[in-house]
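Atoms within a ligand are numbered from 1 in the order they appear, just like the ligands themselves.
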Amino acid sequence: MATLPVIPKIRSDHLDRLALIYVRQSTPLQVREHTASTARQYDLAGRARDLGWPSECVQVIDQDQGLSGAYAAGRDGFQHLVAQVGLGRAGAVLSLEASRLARSCSDWYRLIEICALTNTLVIDEDGVYDPTVYSDRLLLGFLGTMSEAELHWLRCRLLGGKLEKARAGQLRFRPPTGLVHDPESRIVFDPDEQAEHTIRLIFDRFDQSTSALAVVQYFADHHLRCPTRLWGGVRHGHLVWEPLSHSRVLTILHNPAYAGAYVYGRTKTRSQCLPGEEPRIRGRTRQVRPADWPFLIPGHHPGYITWEQFLRNQHRLDENRTRRDEDRRGALREGGALLQGLVRCGRCGQRMTVRYFKDSTAPSYECRSIHTRYAGPTCQTMRGDAIDAAVVGAFLEAMQPAQLEVAMAAVEQIAVQARQLDRQWQLTLERARYESELARRRFLAVDPENRLVGRTLERDWNEKLAEIERLERDAALRPTLSARLVDPDERRRIVALAQDLSRTWYAPTTLPTDRKQLLGCLIKDVTLCRGETTIQVAIRWQTEASTMLEVPRPQRSYEVRRTDPVVVARVRALASEHTDRQIAVVLNQEGLRSGTKGGFTVAKIQWIRYAYTIPSDCPEGPAACSDGYRGDGRCTVQEAAKQLNVNISTIAAWCRSGRLDSVQAVPHGPWWIRLTPEVIAALRRPDRRRWSRRSGT
Ligand SMILES: [Zn+2]
């Protein structure tokens with residue numbers, strides 16, 4: 001059999017060019033400590049000479065000592081090597097193994113392709129590879145893949161170890177200020193009493209005010225500062241006292257470590273660059289929702305608050321957010337409008353806002369979402385005081401002892417039903433277990449030689465076991481009913497509390513925020529719709545039940561000020577025989593009041609007569625209205641002079657001579673003239689040019 005002639009891979013055209021020795025260690029520590037590996041890499045120069053390269057053609061590239069092979073960027077030595085190969089100056093590239101050259105497949109394949117193009121050999125400790133040969137290229141490709149995979153496995157092993165420690169709650173990381181590690185690595189309260197007290201104060205203040213910003217305000221008002229324990233650096237462990245910021249309060253309130261819980265995985269960082277690319281920017285870090293935290297160990301260490309309180313705080317903070325597109329109540333404010341955050345518009349369904357006025361104690365509820373979003377009209381506006389009172393009435397009524405008794409009886413009934421159901425499940429499970437035990441005993445009792453019977457009994461036993469598993473799974477998935485009974489002591493306490501509620505509610509020491517919080521406990525929202533004469537108030541309770549109320553619509557301000565029709569009728573009756581002054585005296589004596597709830601004056605009577613066109617036939621003559629005419633249509637001398645374009649003395653003369661229809665209530669009193677269009681047409685003087693000194697000369 002004829003054998004193929006062996007063609008040597010290293011040929012003279014390779015030996016004429018450079019032999020590039022690439023030397024690299026991943027970290028400075030490896031360079032310092034793993035000297036044997038470095039020496040072996042430098043020994044490749046000797047191997048190149050053994051393979052036939054003259055000493056002057058052997059070039060060692062060791063610029064990349066202490067750099068990772070995961071990225072080509074930043075590795076000048078590797079870039080130089082690729083350039084030399086690309087220019088066809090290299091006959092061979094020598095490296096201890098593929099991973100030294102590149103840990104990224106893309107970098108590695110690019111190098112192999114360029115080597116194939118320029119006929120450059122790749123040599124490692126095990127052999128000589130010619131990238132122009134298919135089988136060699138395949139092998140080199142495989143080596144590159146393995147090298148990248150090795151990096152991945154290393155990472156996995158490290159991360160796996162880290163996760164295993166986190167699962168047991170032993171992975172140490174920096175505890176937040178207020179908590180420290182003791183010498184036994186346990187997390188304990190900060191030994192600095194002031195630091196501990198300040199953190200407690202933050203939680204207490206938030207409990208009372210339910211708003212992070214209110215905590216900041218409190219600290220600013222009282223010139224308090226918040227501690228930060230430094231981590232790392234020369235001042236490691238020092239406490240720094242700074243003014244409390246809003247973001248700091250939020251960080252503290254959101255941190256589960258203060259509730260004694262150990263949590264790993266609260267944030268997730270995603271890389272922002274392609275695999276193999278050097279990360280120039282840090283990845284994007286996102287908060288993970290508490291429900292998705294991978295490792296959570298409640299009660300891991302002493303906490304400032306309980307886990308339930310932590311969850312309550314999270315819920316409160318979530319509710320406090322005031323983004324317009326989110327359906328939340330918002331933080332409770334100090335203002336007197338009790339339905340703040342609870343009111344909805346009955347026309348468009350949007351949340352209504354509260355508005356306070358400088359000169360009125362009553363707030364108003366407004367639906368302005370269309371106005372603020374699309375510059376449309378305000379949907380509806382209404383005074384809040386009567387609505388608040390009606391809702392509070394319904395709330396206090398619901399909290400009456402008798403009502404509570406009924407509610408507690410209902411809860412008790414549900415609890416009894418839940419217990420009955422629990423008992424049913426228990427019995428079913430017990431029965432299944434008994435049957436399974438029976439099947440097991442039957443199987444064990446059968447003669448092992450009797451395979452036919454044995455097989456049937458074994459199948460039977462397996463089925464029973466599967467049935468138990470299914471039942472247990474179903475029991476776990478079953479929604480839990482409130483199985484708690486209200487014990488008689490508790491019941492008495494609740495009823496006693498309800499009796500005091502009304503008094504507590506109206507006590508001057510009770511703040512509006514307390515009242516709002518109480519309302520929020522029972523009421524989900526209140527929908528308002530303004531009708532012609534009433535406002536419809538729909539209360540939706542937390543139990544999804546609803547109550548409808550009707551509140552009389554408050555009068556508009558002009559309606560409030562309008563003169564009572566009784567007063568107008570009285571003025572009309574008196575006007576024929578009394579002067580305005582006399583009418584005012586009579587009305588005041590009769591105890592009647594004007595629209596603004598004051599007494600009557602001459603000016604007010606004149607205004608009423610003018611507004612309701614009540615003429616006065618009184619012989620003394622009423623004072624004229626501002627336009628010169630009185631109620632019966634007669635005008636003053638001045639008005640007549642203006643209308644007829646003559647002097648006042650002329651008018652007086654015409655009145656005396658009877659040329660004008662005029663009356664005088666008393667001798668030497670003012671004349672009142674009736675001017676008709678015919679009279680004006682007959683007596684009006686035409687406009688004359690005035691004599692002027694300049695034109696008259
Ligand atoms: Zn609306």
Listed by chain and number, what are the side chain to side chain contact (heavy atoms under 4.5 Å, CB included) partners of Ala291, not counting sequence neighbours?
none

How about Ser209 and Ser211: does a side-chain donor come under 3.5 Å of a side-chain acceptor?
no

Within the 4.5 Å heavy-atom criterion, are Cys226 and Ile202 side-chain neighbours or not?
yes

So the protein N/O/S atoms within less than 2.8 Å of the Zn ion (ligand 1) come down to Cys345 SG, Cys348 SG, Cys367 SG, Cys379 SG

Among residues two or more places apart or on two chains, list those pairs meeting salt bridge (Lys or Arg N to Asp or Glu O under 4.0 Å) that have a residue in residues 209-224.
none

Restricting to side chain to side chain contact (heavy atoms under 4.5 Å, CB included), what partner residues turn up for Ala259, sequence neighbours left out?
Ile305, Trp307, Phe310

Supply the atom-to-atom distance Glu397 CD to Ser502 OG, rounded to the nearest 0.5 angstrom.
12.0 Å

